[in-house]
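Notes for the one structure printed next.
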Amino acid sequence: VVDSLVQEVHLSGLLPFNSTVPFNKFDPSTGILNCVSTRTTVTTTIEMDLVNRDDQTRVIYTMDYNRSTSLSGPNIAVSASAMRNYGPFDLGQAGVDPDTSVRTGPDVIFSYRVLLRRTTNRTTYNGVGTVNFTYFNNGSFLMTTGNDNYGLDVAAVSDVTIRVVYYFC
C-alpha cells in the first residue's frame, strides 16, 4: 500500500528574486520513502510605467519582456518562462509634450502555471530537520526601438504555492 504525506508553502506579493523554502524531511519511522514530487503553481501579474526623458524629440519605444520562474531542490529542478512584446509607444518630448509616459498592465504573465517534477533519488529527503528548495522569480526587459533616454518602473506581484509530496509504504 502506497501512502503520501503532503506539505505546502504559499508565497505572495512582491517576491525577491530568490526565496529559500524549507520543508520538513520525511521521518523514516513512518515508512519507506519511494519518491518525492513537487507541484508549483504560479500566477504573476506585472504593471509597468515607461517615461520618455528625451528633451530633444518624441520617441517611439518597443520592448520585449521576459519572465522566468523556477523551483530547485535536491535532485529536482523545473522552470518556465514567458515573453511579451510591448509597444509601439509614441511618447512625447520631455519638458514639451504632455504625453511623455504610458502605463501598461495589469498584465498576467503566468496564470496558474503549473510546474511538476518527481525524483526517486530520495536520500536527502529522509531524516530529521528540513530540506531547502529555492524558488526563483525574475523579469527582464530589452528595448528593441527607441533610445536610452527613458525611465521604466516594473512591479510584479506573484502568488505561488509549492507542494511537496512524499510517497511511502
Side-chain angles (χ1 to χ4, degrees), residues 1-50 61-87 89 102-144 151-169:
V1 173
V2 175
D3 209 345
S4 64
L5 178 65
V6 178
Q7 299 177 68
E8 209 169 79
V9 171
H10 187 79
L11 308 171
S12 187
L14 302 170
L15 301 178
F17 293 150
N18 289 292
S19 299
T20 299
V21 185
F23 286 93
N24 292 325
K25 289 186 173 187
F26 179 79
D27 181 351
S29 68
T30 307
I32 297 171
L33 182 60
N34 293 320
C35 69
V36 179
S37 73
T38 62
R39 177 187 172 95
T40 306
T41 307
V42 181
T43 297
T44 300
T45 303
I46 67 165
E47 292 187 42
M48 294 186 288
D49 294 305
L50 175 63
Y61 293 97
T62 58
M63 65 182 267
D64 293 335
Y65 181 83
N66 187 56
R67 189 89 197 161
S68 297
T69 187
S70 67
L71 181 72
S72 60
N75 305 303
I76 289 181
V78 60
S79 64
S81 64
M83 171 133 26
R84 294 280 197 288
N85 304 105
Y86 293 96
F89 302 115
V102 64
R103 172 171 273 248
T104 62
D107 188 9
V108 178
I109 303 296
F110 294 122
S111 179
Y112 300 104
R113 182 70 181 260
V114 177
L115 310 174
L116 300 169
R117 190 63 68 214
R118 175 177 273 193
T119 183
T120 56
N121 191 343
R122 54 207 183 272
T123 306
T124 309
Y125 296 94
N126 272 307
V128 178
T130 58
V131 59
N132 288 332
F133 284 80
T134 300
Y135 176 69
F136 176 77
N137 178 40
N138 191 2
S140 61
F141 69 91
L142 173 66
M143 285 297 178
T144 54
L152 179 65
D153 291 322
V154 180
V157 175
S158 295
D159 187 47
V160 180
T161 301
I162 303 168
R163 173 183 276 201
V164 170
V165 182
Y166 295 134
Y167 291 97
F168 65 96
C169 59

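Separation of atoms CG (Leu71) and CD1 (Ile76) is listed at 7.5 Å; rounding is to 0.5 Å. Residue Ile46 holds its CD1 atom at 10.5 Å from OG of Ser158, rounded to the nearest 0.5 Å. The structure places CG of Leu11 at 5.5 Å from OG of Ser19, a figure rounded to the nearest 0.5 Å. The structure places CG of Asn75 at 12.5 Å from SG of Cys35, a figure rounded to the nearest 0.5 Å. Between Asn132 atom CG and Thr124 atom OG1 the span is 11.5 Å, to the nearest 0.5 Å. The CG atom of Leu142 lies 10.5 Å from the CG atom of Asn85; values are rounded to the nearest 0.5 Å.
In this structure, Leu152 places its CG atom where more than 12 heavy-atom neighbours from other residues, nucleotides or ligands lie under 6.0 Å away. Other residues, nucleotides and ligands contribute over 12 non-hydrogen atoms within 6.0 Å of the CZ atom of Arg84.
Closest non-hydrogen pair, Thr45 versus Pro106, comes out as CG2-CB, 3.5 Å. In terms of heavy atoms, Lys25 sits closest to Val131 at CG-N, 4.0 Å. Closest heavy-atom contact between Leu5 and Phe168: N-CE2, 4.0 Å. Looking at every heavy atom in both residues, Asn66 comes nearest to Ser81 through OD1-CB, 4.2 Å. Looking at every heavy atom in both residues, Val9 comes nearest to Pro22 through CG2-O, 4.3 Å. Across Gly139 and Tyr65, no two heavy atoms sit closer than the pair CA-OH, 3.5 Å.
Residues Tyr167 and Ser37 form a side-chain contact, since some pair of their non-hydrogen atoms from C-beta on lies under 4.5 Å apart. Annotation: side chain of Leu50 is in contact with side chain of Met143 (closest heavy-atom distance under 4.5 Å). By the 4.5 Å heavy-atom criterion applied to side chains, Tyr135 and Leu15 are counted as neighbours. Looking at heavy atoms from C-beta onward, Thr43 lies out of side-chain contact with Phe110 at the 4.5 angstrom threshold. Using a 4.5 Å heavy-atom cutoff, the side chains of Val78 and Leu116 are not in contact. Two residues are said to be in side-chain contact when any heavy atoms from C-beta on lie closer than 4.5 Å; Thr69 and Thr44 fail this criterion. Asn34 is listed as a side-chain neighbour of Cys169, based on a closest heavy-atom distance under 4.5 Å.
Within the 3.5 Å criterion, the main-chain N or O of Ile109 finds no donor-acceptor partner in the side chain of Arg67. No donor-acceptor pair closer than 3.5 Å links the side chain of Arg113 to the backbone N or O of Ser111. Of the possible donor and acceptor atoms, none in the side chain of Arg117 sits under 3.5 Å from a partner among the backbone N and O of Ser79.
Residue pairs meeting the side-chain hydrogen bond (donor to acceptor under 3.5 Å, both in side chains) criterion with at least one member in residues 4-17, sequence neighbours excluded: Glu8-Arg163, His10-Asp159, His10-Thr161.
Test Asp64, Thr62, Asp107 against Tyr86 for side chain to side chain donor-acceptor pair (under 3.5 Å) and you get one pass: Asp107. Of the options Tyr166, Tyr125, Phe133, a ring pair (Phe, Tyr, Trp, His ring centres under 6.0 Å) to Phe23 is made by Phe133 and by none of the others.
At a cut-off of 3.5 Å, with distance as the only test, no side-chain donor of Asn121 or Thr119 sits close to an acceptor on the other residue.
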Query - Check against side chain to side chain contact (heavy atoms under 4.5 Å, CB included), Val160 and Thr41 - result: CA-CA 6 Å; Val160 180; Thr41 307; over 6 Å; no
Requested in this report: Mind running side chain to side chain contact (heavy atoms under 4.5 Å, CB included) on Phe136 and Ser68 for me, showing each step along the way?
Outcome: CA-CA 8 Å; Phe136 176 77; Ser68 297; 4.1 Å; yes
